[in-house]
Q: 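One structure coming up, written as structure tokens, with questions to follow.
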Amino acid sequence: MSEAPNWLVEGAPHVWRPYCQMKTAPAPLAVARTDGSRLILEDGRELVDGIASWWTACHGYNHPHIRDAVADQLARAPHVMFGGLAHEPAYRLARRLAALLPGDLDHVFFAESGSVSVEIAMKMALQYWINRGVSGRTRFLSFLGGYHGDTLATMTICDPEEGMHSLFAGVMPAQHVVALPTDAASEAGLRAYLAENAQEIAAIVVEPRVQGAGGMFFHDDEVLRTLRRVADDHDMLLIFDEIFTGFGRTGDLFACEGSGVVPDIVTLSKALTGGTLPLSAAIASARVFEAFWSDDPGAALMHGPTYMANPLACAAANASLDLFETGSWRADVARIEAGLRKGLEPCRTATGVVDVRVKGAIGVVEFATPVAVGALSQRFAEAGVWIRPMLNLIYLTPPFVVTDADLEQLTGAIRTVVVG
Ligand SMILES: *Cc1c(COP(=O)(O)O)cnc(C)c1O
């Protein structure tokens, strides 16, 4: 291995890295460029990417169709403010997302990050009740194991540990964080809980099908049907956070579409631009939108991020949707699912492993205790793959274009580390 590049050495004292005790963490790997399913490092090594850059690069890196669309838009207009001005990439994207999403999820509010889109969905839900003249609906119901972002309001609806509720106790409002209703007993528990608390709950917030960053927990669509029923029975809104599950990851384009359960608001980000540029959206149903449609200026949603609906990001998202329209992702996700099942299954009986599970293009090896993220990432890099474990998990969420050989290299590296 060659020396770290100058820019890394000189910049390191000034860059505050994510999710990292910087004093003890190993140095980050210096990436020179990306291509397809590969990260190419400054020292010349090529790593097969098993994470798709936090689940964003679904079509692989530098896809020529997305790159051309962004270059074209860059020459035309990189950015204009969205207040009072409009541009074709955003209006076209909004129409396409509304057509792809089920039911009357037709009203698209753009932002720049996943967390902010969840904040906007929460704000929409709170003001929905205010605009309808209902007071006291000021809290949210969310679930153990859930993750909805790192900003202060989204932290309150994360799993209490994931959202660091004890560290920040007293700083933020307490929400209702309960067990997902995965069986008759937990559904009865939820109903009993709501008999006491429903009157102050504006909305239920859930990651449908897969709770991602909180632990890669899977649940059946029946859970989502239960939540829709419960929300309707207590007159609460239902928010699906599809920032991870959206755009094919679970085998359907969206979990809401695949499950047949239509929420009142859905949030999208991560793979929205195919991993090219930051963009997110909170998409509301007609019922929610109509609560803001009024002659009263006070009923408007007063929100507007500076880089809202950035034209470059919208051009990337439109190009990514073109690639989804070809439909080839479906066969790829099925192929990856089979490869993950076969490749990870031998880990099931290894020491310390408590579960191996696969859903769509998500493969998880769960351990009884937390894993050494830094040390394991280094071992994986030495084996030619980029895999970044989290919590007590080693997991794979590869780009959909990963080849069978590269997928085998990814699962093989995990088998070597886990089984020996
Ligand atoms: C990643 C993620 C977020 C936060 O998105 P950011 O862009 O990191 O702010 C929110 N919800 C879910 C389900 C996510 O996976």
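These figures come from a predicted structure and were not determined experimentally. Order of listing sets the numbers, starting from 1, for every ligand and every atom in it.
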Q: Show me which atoms of ligand 1 lie under 4.0 Å from any heavy atom of G149.
A: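 Checking each atom against G149, I get 4 (C), 10 (C).
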Q: Hey, is the main chain of A52 close enough, under 3.5 Å, to the side chain of D49 for a donor-acceptor pair?
A: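 Answer holds: yes.
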Q: Under a 4.0 angstrom heavy-atom cut-off, which atoms of ligand 1 come close to D241?
A: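 Checking each atom against D241, I get 10 (C), 11 (N), 12 (C), 13 (C).
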Q: Is any side-chain heavy atom of F367 closer than 4.5 Å to a side-chain heavy atom of L393?
A: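 No, every pair of side-chain atoms sits at 4.5 Å or beyond.
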Q: Evaluating non-hydrogen atoms only, which member of S269, G114, A111 is closest to atom 7 (O) of ligand 1?
A: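 Going through S269, G114, A111 one by one, G114 has the nearest heavy atom to atom 7 (O) of ligand 1.
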Q: Hey, mind stepping through F400 and H59 against ring-ring contact (aromatic ring centres under 6.0 Å, His included) and telling me if it holds?
A: CA-CA 6 Å; F400 300 158; H59 310 295; 7.1 Å; no
Q: Can you find an N or O of K270 that's nearer than 3.5 Å to an N or O of ligand 1?
A: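 Yes; at least one N/O pair falls below 3.5 Å.
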Q: Are side-chain N/O atoms of E200 and H176 paired as donor and acceptor at under 3.5 Å?
A: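 Side-chain D/A pair, E200 to H176: present.
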Q: Does the residue W54 have a heavy-atom contact with ligand 1, meaning some pair of atoms that are separated by less than 4.0 Å?
A: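 Flag not set, W54 not near ligand 1.
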Q: Give me the nearest non-hydrogen protein atom to atom 8 (O) of ligand 1 as residue plus atom name, then the distance to 0.1 Å.
A: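 Protein heavy atom at minimum distance: S115 OG, 4.4 Å.
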Q: Should you measure from each heavy atom of H148, which atoms of ligand 1 turn up under 4.0 Å away?
A: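 Checking each atom against H148, I get 10 (C), 11 (N).
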Q: List the steps, then state whether ring-ring contact (aromatic ring centres under 6.0 Å, His included) holds for H87 with F82.
A: CA-CA 8 Å; H87 52 82; F82 213 49; 5.5 Å; yes
Q: Which atoms from ligand 1 have a heavy atom of E207 less than 4.0 Å away?
A: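 The atoms of ligand 1 under 4.0 Å from a heavy atom of E207 are 13 (C).
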Q: To the nearest 0.5 Å, what is the distance between CZ on R33 and CZ on R38?
A: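 Taking CZ in R33 and CZ in R38, the distance rounds to 11.5 Å.
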